[in-house]
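This report concerns only the one structure given below.
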Amino acid sequence: MTNKAVIFISEDVSKIEDLATEMLIVGSMYSNPDLLLDYSELIKSNYDFNQPSNKFLYDSLMDLYSQHAGTEINEVKINIYMNSDPDRKTKYDYLKGYKCIDRIMKLVDLDDFPVYYEKLKKYSLLRELERKGFPVQKLMGRKDFNKIGTEDIIKGMEYQINTIGTVIGGVEDSIILGHNMTDKIEEWKLTPDVGVPVPFEIINGLIRGLRGKKFNLFGMHSGCGKSRTTSKIACYLGIKLQIPVLVLVNEQDEAEWLGMQISCVLNNPEFGFDIQMKRRGIDGIDETKIVTGTLNADEEEIVKEAAKYIEQNSKIYFLELNKYDENTLKRQIKRHKLRNCQLIIYDTMKAPDHDWMTFVRTADMLKEVASTEDIPVWSTFQLTDDSLFNDMLTSQAIANGKHIKHVADALMMAKPISRDQYDKFVIYSPNDPFLGESTSQLEMNVNYYMVVIDKNRGGKDKDVLCFEVDKGKNLWIEKGYLVPSQGEKELKQLKKESKKLKTEKEVANLRKALNKE
């Protein structure tokens, strides 16, 4: 579709405009509001719309869309919104109401939207240049003006571009790092650089919570419970703290997550139902009993209490993905950012058919979205099967996708500890509520996992933590640091000394052989 620009050139900058293009942009947005997901950050109505009525319609749609992200925007919702405010209603009625919107929607061809956008930015840039004293009239008088794009204009005036500071772009200069350090110290006192908390005290302290712009990776082997661990984070934030969270899943369905949700809230101490169960002589409730309907009367009563608590408090947005390509993920994250979600959980980041390039690109995209949307992302991924049998986890367990470690701000990996390894470790608890610092043995009747902090841009890394785990109850309790027992330390020292002695003996024998020659 083509449109003829309405152009006025005078000393009044406001008359440098293309009203037809502005209307086509507005009409396109009302025809397909999801365009806002991709363009809302690029289009700045104060700069890009010169006609007040076009700016009004665009700003109104932006506000309406943020209130109804993910639902259809139709004539009824638009009319209700416009009539809910006297000033807005007056402007809407002056434009003849929805008839105006319907008329301009019929003019658009959505396939031509990139062309409309380029023209909109072109005239926005021309107005900014005019304000800065550039010879815009001379440029607009050229015969090939309609063929000139925004980038062409900027390049053509590159020798003066350093004096321009616009929404379109400009050149940033370096600063003296630390010139405002005193102010920054005071700012950190008022607003510490920490993110939304996770329900694990040591991990939370090490990574300083899940901070905006940070991409956090959590890896486990297949079937070991990465979704269950993650469900505790989702429930703690989205139910206990009532912080909106988006959970994107591509392996398990809603019913499975509902089972994890109720068992997590029931059995983990952060929610308080464990105390109620102990008073009734109930030692936790396994998820299987809940989902198979085999609860006794006491168990059913407390499960219903927990269910009501979840219904009244949950702010977990859940979406089961049929498609998990990069564009789908980006759009859903942007859509739920408009709903004030403060954490994105992606379970699980996959390498379909061992396509490791797709796996790596997804990690790059999640890091990019975390940065551009200023929101933390927590993503799970699967470790290689053979690494399950290694004594210690390292980034070798990521196989051909090790590049993801480079883009991650925090990388954590976990695996069960086999019982024949229990005597090799002890648990060091720095914050025991009764003993302060304490050391304890691993109990044979308890399942333990080691959690390795392999990378941490928020502070210290390479620490190994110990979790008490009951997958059936979806119980995950951070016990402390996992450290080698004294016997294991002595064994390692003996091995080290033996290796050294062996090397010294080989060197001595070699010297003897050389002397004989």
Around atom CG of Leu190, are there more than 12 heavy atoms of other residues, nucleotides or ligands at under 6.0 Å?
yes

Between Leu57 and Leu95, is the side chain to side chain contact (heavy atoms under 4.5 Å, CB included) condition met? List the steps.
CA-CA 10 Å; Leu57 289 173; Leu95 294 173; 4.1 Å; yes

Taking every non-hydrogen atom, the tightest pair across Val407 and Asp364
CG1-OD1, 3.1 Å

Evaluate Leu206 against Asp463 for side chain to side chain contact (heavy atoms under 4.5 Å, CB included), listing each step before the verdict.
CA-CA 9 Å; Leu206 288 171; Asp463 284 325; 3.9 Å; yes

Look at the aromatic rings of Phe271 and Tyr236 and report parallel, tilted or perpendicular, splitting at 30° and 60°.
perpendicular

Is the closest basic N to carboxylate O distance between Asp409 and Arg457 below 4.0 Å?
yes

Before you tell me yes or no, could you show the steps for Phe381 and Leu411 under side chain to side chain contact (heavy atoms under 4.5 Å, CB included), namely the whole-Å CA-CA distance, both residues' side-chain angles and the distance that decides it to 0.1 Å?
CA-CA 10 Å; Phe381 69 98; Leu411 173 63; 3.7 Å; yes

For residues Asn216 and Val377, determine if any side-chain heavy atom of one lies less than 4.5 Å from a side-chain heavy atom of the other.
no

To the nearest 0.5 Å, how far apart are CD1 in Ile104 and CE in Met29?
12.0 Å

Return yes if some donor-acceptor pair links the side-chain N/O of Ser124 with the main-chain N/O of Lys121 below 3.5 Å, else return no.
no

If we ignore angles and hydrogens, is there a donor and acceptor under 3.5 Å between the side chains of Lys462 and Asn456?
no

Does a salt bridge link Lys226 with Asp347, judged by any charged N lying under 4.0 Å from a carboxylate O?
no

In Å and rounded to the nearest 0.5 Å, what is the CG to CG distance from Leu35 to Asn32?
4.0 Å

Verify, without hydrogens or angle tests, whether Lys240 (side chain) and Cys235 (backbone) share a donor-acceptor contact under 3.5 angstrom.
no

Would the distance check show the side chain of Tyr116 and the main-chain N or O of Asp109 forming a donor-acceptor pair, the cut-off being under 3.5 Å?
yes

Pro199 to Glu270 - nearest heavy-atom pair and separation:
O-OE2, 3.4 Å

Donor-acceptor pair, distance only, cut-off 3.5 Å: does the side chain of Gln51 make one with the backbone of Glu22?
no

Does Asp85 use its side chain to pair, donor to acceptor, with the backbone of Arg88 at less than 3.5 Å?
yes

Going by side chain to side chain donor-acceptor pair (under 3.5 Å), Thr230 matches just one of Trp476, Trp378, Trp257. Which one?
Trp378

Is the number of heavy atoms from other residues, nucleotides or ligands within 6.0 Å of NZ (Lys89) greater than 12?
no

Between Lys232 and Phe200, is there a side-chain heavy-atom distance shorter than 4.5 Å?
yes

Donor-acceptor contact below 3.5 Å, side chain Ser66 vs main chain Asp63:
yes

Return the minimal non-hydrogen interatomic distance between Val245 and Gly238, and the atom names on each side.
CG2-N, 4.1 Å

Looking at Asn250, Thr362, Thr380, which hits side chain to side chain donor-acceptor pair (under 3.5 Å) with Tyr346?
Asn250

Asp48 side chain to Leu120 backbone, donor-acceptor under 3.5 Å:
no

Does the distance from a Lys or Arg side-chain N to an Asp or Glu carboxylate O, for Lys77 and Glu72, drop under 4.0 Å?
no

Please check: side-chain N/O of Thr191 versus main-chain N/O of Trp188, any donor-acceptor pairing under 3.5 Å?
no

So, taking the atom named OG in Ser438 and the one named NZ in Lys479, what distance separates them when rounded to the nearest 0.5 Å?
9.0 Å

Centres of the Phe49 and Tyr58 rings: under 6.0 Å?
yes

For a quick test of reading the model, state the closest non-hydrogen atom pair linking Val451 to Ala414 and the distance between them.
CG2-CB, 3.9 Å

Between the CE atom in Met220 and the OG atom in Ser227, the distance rounded to the nearest 0.5 Å is 9.5 Å

Side-chain donor or acceptor of Arg208 paired with backbone N/O of Gly458 under 3.5 Å:
yes

Considering all heavy atoms of both residues, which atom of Leu110 and which atom of Ser31 are nearest to each other, and what is their separation?
CD2-CB, 4.3 Å

Any side-chain heavy-atom pair from Asp112 and Tyr117 closer than 4.5 angstrom?
no

About how many Å separate CG of Leu64 and CG of Asp59, when rounded to the nearest 0.5 Å?
12.5 Å

Result for side chain to side chain contact (heavy atoms under 4.5 Å, CB included) between Leu343 and one of Val198, Leu237, Ile316 points to Leu237

Is the CG atom of Leu177 crowded by more than 12 outside heavy atoms at less than 6.0 Å?
no

Hey, does Tyr123 have a side-chain heavy atom less than 4.5 Å from the side chain of Ile16?
yes

With a 3.5 Å distance limit and no angle check, can you tell me whether Glu478 reaches the backbone of Ile202 through a side-chain donor-acceptor pair?
yes

Could you state the interatomic distance from NZ (Lys334) to CD1 (Ile375), rounded to the nearest 0.5 Å?
12.5 Å

Side-chain contact test, heavy atoms from C-beta onward, threshold under 4.5 Å: evaluate it for Phe113 versus Leu24 and give yes or no.
no

Counting only heavy atoms not in Lys455, do more than 12 fall under 6.0 Å of its NZ?
yes

Side chains of Leu366 and Ile333 in contact at under 4.5 Å (non-hydrogen atoms):
yes

Any chance you could lay out the salt bridge (Lys or Arg N to Asp or Glu O under 4.0 Å) test for Glu373 and Lys213, step after step, and finish with the verdict?
CA-CA 7 Å; Glu373 297 296 322; Lys213 302 184 179 182; over 6 Å; no

Kindly indicate whether a cation-pi arrangement holds for Arg127 with Tyr47, taking the cut-offs as under 6.0 Å to the six-membered ring centre and within 45° of the axis.
no

Quick one, Arg331 and Asp34 - any side-chain contact, counting heavy atoms below 4.5 Å?
yes

More than 12 non-hydrogen atoms from neighbouring residues, nucleotides or ligands closer than 6.0 Å to CD on Glu201, yes or no?
no

How close do Phe425 and Met450 get, heavy atom to heavy atom, and via which atoms?
CZ-CE, 4.2 Å

Would you indicate whether the side-chain heavy atoms of Met82 and Ser60 approach each other to under 4.5 Å?
yes

Derivation of the side chain to side chain contact (heavy atoms under 4.5 Å, CB included) call for Ile203 and Ile453:
CA-CA 8 Å; Ile203 290 179; Ile453 314 294; 4.2 Å; yes

